[in-house]
Structures are given as C-alpha cells and as structure tokens.
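Below is one structure, written out as structure tokens; the observations come after it.
For clarity, every value in this text was computed on a predicted model and none was experimentally measured.
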Amino acid sequence: MKKPIVAIMYDFDKTLCTRDMQEYTFIPSVGMEAEEFWQWSNVVSTTEEMDSILAYMYCMINKTHETGIPLTRESLVACGKDVEYHPGVEGWFDRINRYADEAGVEVEHYVLSSGLKEIIEGTSIAKHFKKIYACEFMYKDGQAIWPKLAVNYTNKTQFVYRINKGVLDISNNVALNSSQPDSEKRVFFSNMIYIGDGLTDVPCMKLVKQSGGHSIALYNPGKHRNAAQLLEQDRVDWMFEADYTEGSDLDSAMKTLLQNLASYNQLQGLKEQQKRDFH
C-alpha cells in the first residue's frame, strides 16, 4: 500500500539559519551593515507605501547599481555557501526521512520563505526540499532587473494550498483554484507540519493548525518571548528551541508526531478498507 505523505514546511531565515540570509554575504559585499540596510528598506517601504518584501528587493537592485557590483543569479547562489544553520540542521532531513519511512509515512520537505530562492538554492541543504517557494528575481543579460516572485507574509498561504492539492507550479492558478474533493487532495491538511520562528509565519501557522495540521514555533536560546506569545494565543501547537540535533526536544517531538500520524493514517486506511469490504 502506498505510504501517506506528510509535508513538513519550513520558514528559512531564523528557522533553519541563524539570521536573515542576506546578512551573511550580500549586505557586507555592498558596504553596509545589516541594521543599516534593513532600516533603509523599511524607510523605502513606509515612504512609498510599498510592500516590505518588494522594498528590500528594490534596495538590493538599487544598491548594486550604485556600487557597480553585479547582481546575478550566480552571485546570489554563491551567497548560499556562507549561510550558517541552527545546530543539527544539516543532519536533520535524512534522519527524519529514515524515521518516517520506518514508521510508515513518506515525508516531503518544503521551504516557504520571504528570503531569496537563489540564495537558498546555493545552500548545502537545498537538495532536501521538494520545492522551494521564496522570492526570486527576473534576469536580463544576466543581471537582476525585476522581482519575479515576492513572497510576503500572507501570500505564503497560497503555497500551503498548492502542497495540499499537489499543484506545485506557481504559474498554474487554474488547477489551484478549481474544486477538488478532499479525498483527492495529495497531502491532507492533517498531514501537514509548519515550522517557523515568529509573527511573519502566523498566517501559515494558523491556516495549518486550524485546518487540522500542526504548527511549531522555534526560538533562540533565551529569546522565547515571541514563541511563548504564539503558544499562549493558540496560534501554534508547540514551541521549541531551534536545535535540530538528534535527541533534542524538537527532534523527539517531531518523531513522536510522525509516529502518531503514521498510526492515525493506518487507522484511516483500515476504515476505508472496511467500508469497501462491507459495502
């Protein structure tokens, strides 16, 4: 019998890596401090009444034009090699996949991020994701000229529905918005797990949780206030320190959750089989 699919969806910045991905290489390369760049981006967003994600992408293009530093796909992908992860991230995916397989479910990993797809594609963990949904530039003559995709905090939720229906191509809106019986959905909401670090993840956290799935808030050591607030407000199911090492609280909780999902799906399979047998 085909194993049911469990989709684990991750924010990226401060969820898998330790800070905003542009801060490792890109921002220093244009002669700015991280705080200075984000303050400038926020001013542009406020002054122009502009989406904050489009604002930071505009600032990246603007600053590279000003400094004469090429902003190419290759240069952004190269930034990925400098990304620093939370403890245990690089070994997490294979370990969780093995555990899930033994439990009786198939895990797929997805990124839903307001960071840059190009940088994520250059990381050592990019190979583990079935799909990376993140901001992306359009290029002409090799140079970034326009935002191809901007993923802000609320439109992230469309990707949850895409994963649910199995419509992973973002240009295919017809299939995404067409009616489909719940029984034909590729990944049931109850088999979804969303992992994020804060308020920007709330729309996805709430959607997944309220639809029968599971949401987890992560925090850095000693900085649990935002995660605790999300838990208190019932926006997430659990909160854990951002530690992906084997035996950590997050690791143990994920394995327990996968085992429970496997058992539940087995019972559902038995229920459907009994319906057929006694029809």
Test item: Asp234 and Lys209 side chains (from C-beta on) under 4.5 Å apart, heavy atoms: yes
ask   = Got a salt bridge between Glu108 and Arg186, using NZ or NE/NH1/NH2 to carboxylate O under 4.0 Å?
value = yes
Exercise. Begin with the C-alpha distance, continue with both residues' side-chain angles, and end with the deciding distance and a verdict on side chain to side chain donor-acceptor pair (under 3.5 Å) for Thr15 and Asp197.
Key: CA-CA 5 Å; Thr15 295; Asp197 66 275; 3.0 Å; yes
Given the options Ile8, Leu261, Val160, Met192 meets side chain to side chain contact (heavy atoms under 4.5 Å, CB included) only with Val160
ring-ring contact (aromatic ring centres under 6.0 Å, His included) pairs touching residues 102-128, sequence neighbours excluded, are Tyr10-His109, Phe93-His109, Phe93-His128
Could you tell me if Arg73 sits above the aromatic ring of Phe137, with its cationic atom closer than 6.0 Å to the ring centre and no more than 45 degrees from the axis? no
- Item | Trace of the side chain to side chain donor-acceptor pair (under 3.5 Å) decision for Glu23 with Trp38 | CA-CA 10 Å; Glu23 297 178 11; Trp38 296 119; 2.8 Å; yes
- Message: Does this structure show an ion pair linking Asp182 with Lys185, if we count only N-O contacts that are shorter than 4.0 Å?
- Response: yes
Evaluation steps, side chain to side chain donor-acceptor pair (under 3.5 Å), between Tyr139 and Glu118: CA-CA 12 Å; Tyr139 299 87; Glu118 293 93 332; 2.6 Å; yes
In short, Ser114 meets Ile53 closest at the heavy-atom pair CB-CD1, 3.7 Å
>> Quick one, Arg162 with Asp169, criterion salt bridge (charged side-chain N to carboxylate O under 4.0 Å, His left out). Give me CA distance, side-chain angles, the key distance, then yes/no.
In response: CA-CA 8 Å; Arg162 288 188 180 281; Asp169 179 359; over 6 Å; no
Residues 216-233 vs salt bridge (charged side-chain N to carboxylate O under 4.0 Å, His left out), sequence neighbours excluded, gives none
Exam field: side chain Thr64 to backbone Met60, donor-acceptor pair closer than 3.5 Å
yes
Determine, using the 4.5 Å side-chain heavy-atom cutoff (strictly less than), whether Met57 and Ile69 are members of one ILVMFWY cluster. yes
- Query: Does a donor on one side chain and an acceptor on the other come within less than 3.5 Å for Tyr24 and Thr18?
  - Reply: yes
